[in-house]
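Right, one structure below, let's go through it.
Numbering of ligands and ligand atoms starts at 1, following listing order. On a predicted model such as this, the values are computed, not experimentally measured, just so you know.
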Amino acid sequence: MENEKGGVAEQGSESASSTFRGEARRPRLKPINRQQMMLRPVEVEKLVVEDHEVRAIWEFVGRLDLSRYYEDIDVVEGEAGRPAFDPRLMISLWIYAYSKGVGSAREISRLCEFDPAYQWLTGMEAINYHTLSDFRVDHKEALDELFTEILGLLSAEGLVSLERVMHDGSKIKACASSDTFRREERVRAHLEAARQQVAQMGDPRTTEEVSPRVAKARQRAAQEKRQRLEKALEELEEIRACKRTLGEKKEARVSMTDPEARVMKQSDGGYAPSYNVQISTDAKEKVIVGIGVSQSGSDYGELVPAVDRVEANVGQEPGQVVVDGGFTSRDNILAMSEREVDLIGSMGTGTSQSAGQMKRRGVDPSFYPEAFHYDGISDTYTCPAGKILRANGEEKRPGRTNYKYRACATDCQRCPFQQKCCPQNGPRSIVRGVDAPEVAAFIAKMETDEGKKIYRQRGPVAEFPNAWIKDKIGLRQFRLQGLVKVGMEVLWAALTYNIKQWIRLCWRPQWA
Ligand code: SF4
């Protein structure tokens, strides 16, 4: 059916019919006209309701000191040049987008064209995705300061106490797949090809085949590729050094897409190129008080830097830090004790010679260290065959001293239990580990009901922001590459999380 403007209006279902006084008739329906043009007034202020969270984000960001961002703007009043977008707007846009699980500059730019909340923020202005993308990564120091300042505001609202901080680590996949990892010779071959490509590229202003803009973009891409491969060679050296320390013999490989990513074990048991994100959460209102990214697959070395970050962000050390077994090493117990931070964590008391070690050596369980009797007065052990093992040196480690005892070689050679007790070339030895007083005090504390009760609170608090960032923000895989940019991506996520906590605890109740 043709409408008044010459367009075609849809009539609805052809099969629609009804019966009137026994006759079959088609019902009369309103036509749907999708060809018409409309011009209607929009009251921008009313695009979102009064208690819409986009208003809360705008209000909160308005309270922050953004002078670091303003300093970077070259265009000034009274001079020629296109005006810059207000940093308050750009920050609000990114935070609102992250809170909705949108982490792509292109997607935000598209949403600004039709989504009422984005239109309200921008005042119906279109924003190019390049502008949005550059803003996200261009202001590292300013973003760090912003995080600190937000914590200051949340502290002033009484949402941060630092009495108890729960700390946890979580692996987030890098923006690189496992098959981008190459050995040194392949990386060098690719680098040589990239260098030649850059050298062959002429001046983009004089290239005739494509427009100068496209030529410039291609040149930039080739240079970035060359820099990335040069970085890959540097990282390869670090990976090699790390493997040497761990005694690994496998040849080192590095990702050519994101050289700073490392292959890490995931929670599902698989392995993937990832970064280790460290989050410190204040237990009072689950506010994130520190966030960092590391290339280490293990958490042991991350506790001290995490406490440093909290202190730098909030201006004081946490009174108590609660961590899981991945952080509870003797070094960390000593470090926290020295800083007078009360550490709560899980840690097996263990013996110096674990059951695993005994099993690997082929020792029969009836000859594990527990079967040997220690006499403190003579400082000797007596073995199940009644022979004496005497002191044979000591080894000092952080938080523990290992005292070694050894049986007489001829005793073991003549012993009928030799195959069960020391099947790999005797004589049998025993190690007695003695913990430093700080470690012994920690172990005793963790055996009390109070210690166990506090530790049980760790999971719900420490894992909440981790889960929120992955599920609500959708940050299960980074969109950016490299340690610095990935660090900024998690910082944006943490900022968003904290502002959402403020909305939930301080802003939303006023509308209830
Ligand atoms: S092998 Fe040596 S240490 Fe072991 S039970 Fe016999 S004598 Fe004792």
Margin query: In terms of relative ring orientation, are W492 and F135 parallel, tilted or perpendicular, with 30° and 60° separating the classes?
Written below: tilted
Notebook entry, point to check: For the residue pair Y69 and H139, does the interplanar ring angle fall in the parallel (under 30°), tilted (30 to 60°) or perpendicular (over 60°) class?
Noted result: tilted
Item checked: Geometric class of the F372/Y381 ring pair [parallel <30°, tilted 30-60°, perpendicular >60°] -> perpendicular
Next item on the list: Could you give me a count of protein N/O/S atoms that are under 2.8 Å from atom 4 (Fe) of ligand 1?
Entry: 1
Note to self: How about CZ on R406, more than 12 heavy atoms from neighbouring residues, nucleotides or ligands closer than 6.0 Å, or not?
What the structure shows: no
Checklist line | Side-chain donor/acceptor of E489 to backbone N/O of L480, under 3.5 Å | finding: yes
Next item on the list: Check whether any side-chain heavy atom of I239 lies under 4.5 Å from a side-chain heavy atom of R262, and answer yes or no.
Entry: yes
